[in-house]
Protein chains: 2
Amino acid sequence: MNNTTLKQIANTLGYSISTVSRALKHHPDISVKTREKILELANTLDYEPNAFAVHLRTQNSKVIGLMVPAIFNYFYESFISSIEEECRKNGYALMILQTANDPAIEADNLKIFRQNRVTGLFACISAKTKTLEDYQKLTDQNIPVVFFDIVPEENALNKVCMADEKAASLAAEALHAANKKNIIGVFGDPLMSITQKRLAAFENYMQSKKAKLTIIHSNNSNDAEQAVSELLNSSLKVDAIFCMSDELLIGVMKAVQINGLKLKSDIGLIAISNGFVPKLYYPQVTYIETSGHKLGKLAFTQLMACLSGSPAVNELIVESVLIQGGSL
Amino acid sequence: MNNTTLKQIANTLGYSISTVSRALKHHPDISVKTREKILELANTLDYEPNAFAVHLRTQNSKVIGLMVPAIFNYFYESFISSIEEECRKNGYALMILQTANDPAIEADNLKIFRQNRVTGLFACISAKTKTLEDYQKLTDQNIPVVFFDIVPEENALNKVCMADEKAASLAAEALHAANKKNIIGVFGDPLMSITQKRLAAFENYMQSKKAKLTIIHSNNSNDAEQAVSELLNSSLKVDAIFCMSDELLIGVMKAVQINGLKLKSDIGLIAISNGFVPKLYYPQVTYIETSGHKLGKLAFTQLMACLSGSPAVNELIVESVLIQGGSL
DNA sequence: AATGTTTCCGCAAACCTTTGCGGAGATAAA
DNA sequence: TTTATCTCCGCAAAGGTTTGCGGAAACATT
């Protein structure tokens with residue numbers, strides 16, 4: 001572990017540590033000649049400031065935390081990818097932890113974030129999170145938290161999320177425009193606020209158009225496949241399916257393929273999605289875009305605003321847009 | 001930033017800092033009574049040790065670095081997810097950076113890792129990486145590097161990767177067993193060693209079986225879709241397709257669907273894959289599994305071995321296995 | 001020649017924790 | 001009573017950096 005330190009440079013050159021430190025960051029107090037000498041030696045010695053010492057001294061970690069249920073997820077990937085990009089551009093490092101939707105792990109993770117004195121945190125609460133007090137501890141320590149995607153109900157929090165109601169009603173609108181009247185709606189865990197919002201908006205629109213709606217709730221793609229398959233083989237008349245997420249869409253597409261149905265001619269399909277899954281099929285599945293990438297940019301901006309002392313607590317929304325495929 | 005420190009606890013209780021420090025980690029020198037008092041106060045004050053101070057003092061960061069071309073990738077996700085799991089279990093935090101296959105960004109990232117004095121690093125070199133000297137700087141500082149998936153040619157390095165040759169010949173074997181004779185092989189960038197290995201093994205086996213082979217190289221799923229579509233519509237006789245990666249498989253499946261072909265009856269298909277993409281379709285695509293998850297576990301074990309002082313530089317291989325679908 | 005300004009640099013404290021060493025008091029052994 | 005052994009705790013240094021303040025030398029101004 002022969003890392004070069006300021007001290008080493010200072011000693012070999014006969015300057016003080018403070019002079020070296022200042023020279024390295026082009027402080028005007030240091031003469032050009034001295035600076036050059038110091039920079040040169042630092043360079044040949046591959047000097048890198050010890051981040052721990054810097055952070056300890058400056059009380060600023062330049063590390064941002066990110067917590068998601070699972071990295072391995074069509075939506076979060078693009079969010080993460082987008083955040084990482086912004087972090088690097090702005091000189092932050094990114095620390096990522098997964099909760100696996102387990103509140104115990106979630107609490108552990110928050111502790112790790114606190115220990116590492118992250119500058120800020122992006123958090124997607126696990127579906128089963130009951131209390132926010134562990135998050136509160138962070139904000140008590142002036143560590144801003146920006147919740148994204150799956151966010152708590154409470155008001156006085158920073159949140160960025162998709163326009164859930166809007167996305168669901170856009171989908172409903174598209175189904176109506178395509179003259180679909182007998183519809184299966186595939187939704188996720190009824191306890192999640194995201195499910196509730198999307199379901200409410202979807203039902204609301206559909207009722208106003210007098211469509212016949214069959215709602216099912218599935219926790220994963222396998223469940224969705226099973227449930228939809230059963231319905232398709234029952235006496236129920238179905239002319240279209242709506243999926244509230246990519247995960248569920250995968251199951252539904254499996255069911256569609258297994259039953260030998262052709263999209264559009266045999267059955268209509270629309271989903272709320274990040275875009276990756278719908279494009280795997282031909283014809284492409286028509287979807288309402290919820291861009292993790294855009295959400296990431298927005299979340300980062302919000303966190304930066306918090307860090308620069310903006311007191312405003314915000315709830316920001318990324319608008320959704322209909323992407324035409326060939327499935328409706 | 002009212003973080004509680006050892007000093008605060010010590011002062012309010014009238015003990016010295018060292019006593020508090022020891023009590024908190026159950027050092028036998030401290031009496032039970034004292035320890036209890038200290039633990040209690042620490043608890044109500046939500047004391048968390050300042051990771052920077054700890055790391056600075058102990059010279060051990062407990063942070064592990066991970067660098068990939070892109071997080072948003074079917075293979076790397078599962079690798080990352082697996083690594084994150086192990087890290088958390090072992091008390092390490094994980095710092096993730098993307099290279100976007102840009103050597104300049106790659107160098108920047110390595111600098112960030114050095115500054116943060118990561119305990120170890122998992123690295124997947126970008127396709128265009130020319131020199132390893134930036135990596136060398138890390139190993140010079142006793143930071144072990146484990147290369148994974150796309151690894152340098154050099155010998156004296158820690159590497160974990162898939163059994164590339166074996167995977168390709170397994171696929172070839174399966175094609176032969178299914179009596180396929182006119183085959184399109186879809187491969188990636190011919191400059192990547194992973195492509196070369198897989199191609200060589202595949203061609204080698206096929207030649208021995210006198211199969212008619214048409215090889216194409218594509219850089220992404222769109223290219224693959226285009227190229228395969230053209231071939232399918234040409235006069236070429238084709239009874240099966242082989243894809244060396246998930247990315248390419250997506251394109252090929254698009255072409256298959258667009259041309260209205262049925263897997264197995266119209267055309268055979270086999271891929272080397274992580275498993276996620278093949279399972280999206282029905283029938284499921286038969287594939288040779290290259291598990292990012294397993295690779296992650298292996299890589300982690302190897303890094304731990306390095307950290308515990310094992311001098312052995314290793315090249316480890318994850319064996320591949322055929323997963324039967326319905327596409328052959 | 002005396003005073004005021006710059007220019008350039010070093011001192012030392014602070015950030016928070018860990019840990020070797022030593023020491024005071026209490027208990028046990030002789 | 002003296003000596004040896006424990007028990008429990010504090011001192012102080014170290015890890016690498018940043019930064020307010022002060023000071024010596026050089027220069028410019030009267």
Side-chain angles (χ1 to χ4, degrees), chain A residues 1-39 41-42 45-63 91 111 114-119 141-143, chain B residues 1-39 41-42 45-63 91 114-119 141-142:
Chain A
M1 190 74 79
N2 57 352
N3 280 321
T4 36
T5 67
L6 290 184
K7 196 182 196 173
Q8 290 174 27
I9 299 181
N11 285 344
T12 55
L13 250 42
Y15 287 108
S16 78
I17 295 179
S18 29
T19 299
V20 176
S21 171
R22 288 189 171 99
L24 252 23
K25 42 176 61 78
H26 290 187
H27 191 288
D29 263 13
I30 308 301
S31 73
V32 179
K33 220 171 65 186
T34 309
R35 189 213 296 161
E36 294 299 324
K37 269 202 292 183
I38 292 179
L39 279 178
L41 182 60
L45 255 49
D46 279 325
Y47 170 77
E48 290 291 345
N50 184 319
F52 298 136
V54 175
H55 299 162
L56 181 59
R57 169 63 218 222
T58 61
Q59 301 284 52
N60 180 357
S61 73
K62 281 277 179 185
V63 173
K111 188 180 282 186
R114 283 175 65 206
Q115 284 182 195
N116 282 83
R117 302 291 194 272
V118 291
T119 304
Q141 289 177 19
N142 282 326
I143 299 176
Chain B
M1 192 73 79
N2 56 352
N3 280 322
T4 36
T5 67
L6 290 183
K7 195 183 196 173
Q8 289 174 27
I9 298 181
N11 285 345
T12 54
L13 249 41
Y15 287 108
S16 76
I17 294 180
S18 28
T19 300
V20 177
S21 172
R22 288 188 172 100
L24 254 23
K25 42 178 60 78
H26 291 194
H27 191 287
D29 264 11
I30 308 300
S31 72
V32 180
K33 221 172 64 184
T34 309
R35 189 213 295 160
E36 293 300 323
K37 270 202 291 185
I38 292 178
L39 280 177
L41 182 61
L45 255 49
D46 280 326
Y47 170 77
E48 290 291 345
N50 184 319
F52 298 134
V54 175
H55 299 162
L56 181 59
R57 171 63 220 228
T58 61
Q59 300 284 52
N60 180 357
S61 73
K62 282 278 179 182
V63 173
R114 283 175 64 207
Q115 286 182 191
N116 282 82
R117 302 290 194 273
V118 290
T119 305
Q141 290 177 20
N142 282 326

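Lettering follows sequence order; numbering is per chain, from 1.
Residue B:Tyr47 places no side-chain N or O under 4.0 Å from the OP1 or OP2 atom of C:dC16. For the pair A:Thr34 and C:dC9, the criterion of a side-chain N or O lying under 4.0 Å from OP1 or OP2 is met. Contact annotation: A:Lys25 reaches the phosphate of D:dT18 (side-chain N/O to OP1 or OP2, under 4.0 Å). Put simply, B:Thr19 has no side-chain N or O that comes within less than 4.0 Å of OP1 or OP2 on D:dC9. Considering only side-chain N and O atoms, B:Thr58 lies nowhere under 4.0 angstrom from the phosphate OP1 or OP2 of D:dG15. Under 4.0 angstrom from either OP1 or OP2 of D:dA14 there lies no side-chain N or O belonging to B:Gln59. At least one side-chain nitrogen or oxygen of A:Ser21 sits closer than 4.0 Å to the OP1 or OP2 atom of D:dT18.
The distance between atom CZ of A:Arg117 and atom P of C:dC16, rounded to the nearest whole Å, is 8 Å. Rounded to a whole Å, the CG atom of A:Leu56 is 9 Å from the P atom of C:dT17. Nucleotide C:dC9 holds its C1' atom 15 Å from the CG atom of A:Leu6, rounded to whole Å. Following rounding to the nearest Å, B:Leu24 (CG) and C:dT17 (P) show an atom-to-atom distance of 9 Å. Rounded to whole angstrom, the span from the CG atom of B:Asn60 across to the C1' atom of C:dT17 amounts to 14 Å. Rounded to a whole Å, the OH atom of B:Tyr15 is 10 Å from the C1' atom of D:dC8. Atom P of nucleotide C:dC15 and atom NZ of A:Lys62 are separated by 22 Å, given to the nearest angstrom. If you take CD1 of B:Ile30 and P of D:dC6, they are 18 Å apart, rounded to a whole angstrom.
Here A:Phe52 lies out of heavy-atom contact (under 4.0 Å) with every strand. Using a 4.0 Å heavy-atom cutoff across all strands shown, B:Asn50 reaches sugar-phosphate atoms only and no base atom.
In this model, no donor atom of one side chain and acceptor atom of the other lie less than 3.5 Å apart for A:Ser21 and A:Ser18.
Put simply, the side chain of A:Asp29 and the base of C:dC9 share a donor and an acceptor less than 3.5 Å apart. You'll find a donor-acceptor pair under 3.5 Å spanning the side chain of B:Ser18 and the base of D:dC11, going by distance alone. Residue side chain B:Arg22 reaches the base of D:dG10 through a donor-acceptor N/O pair under 3.5 Å, judged by distance alone.
Side-chain atoms of A:Arg114 never come within 3.5 Å of backbone atoms of A:Gln141 as a donor-acceptor pair (strictly under, hydrogens ignored). In this structure, the side chain of A:His55 engages the main chain of A:Ala51 through a donor-acceptor pair within 3.5 Å.
Counting only heavy atoms from C-beta on, A:Ser16 has its side chain closest to C:dG10 among C:dG10, C:dC15, C:dT17. For A:Arg57, the side-chain atoms get nearest to D:dT18 when compared with the rest of D:dG15, C:dC9, D:dT18.
Once rounded to the nearest 0.5 Å, the distance linking OH of A:Tyr47 with CG of A:Leu39 reads 11.5 Å. To the nearest 0.5 angstrom, A:Leu13 atom CG is 6.0 Å from A:Ile38 atom CD1.
Residues A:Leu24 and A:Ala42 approach most closely at CD1-CB, 4.0 Å, considering heavy atoms.
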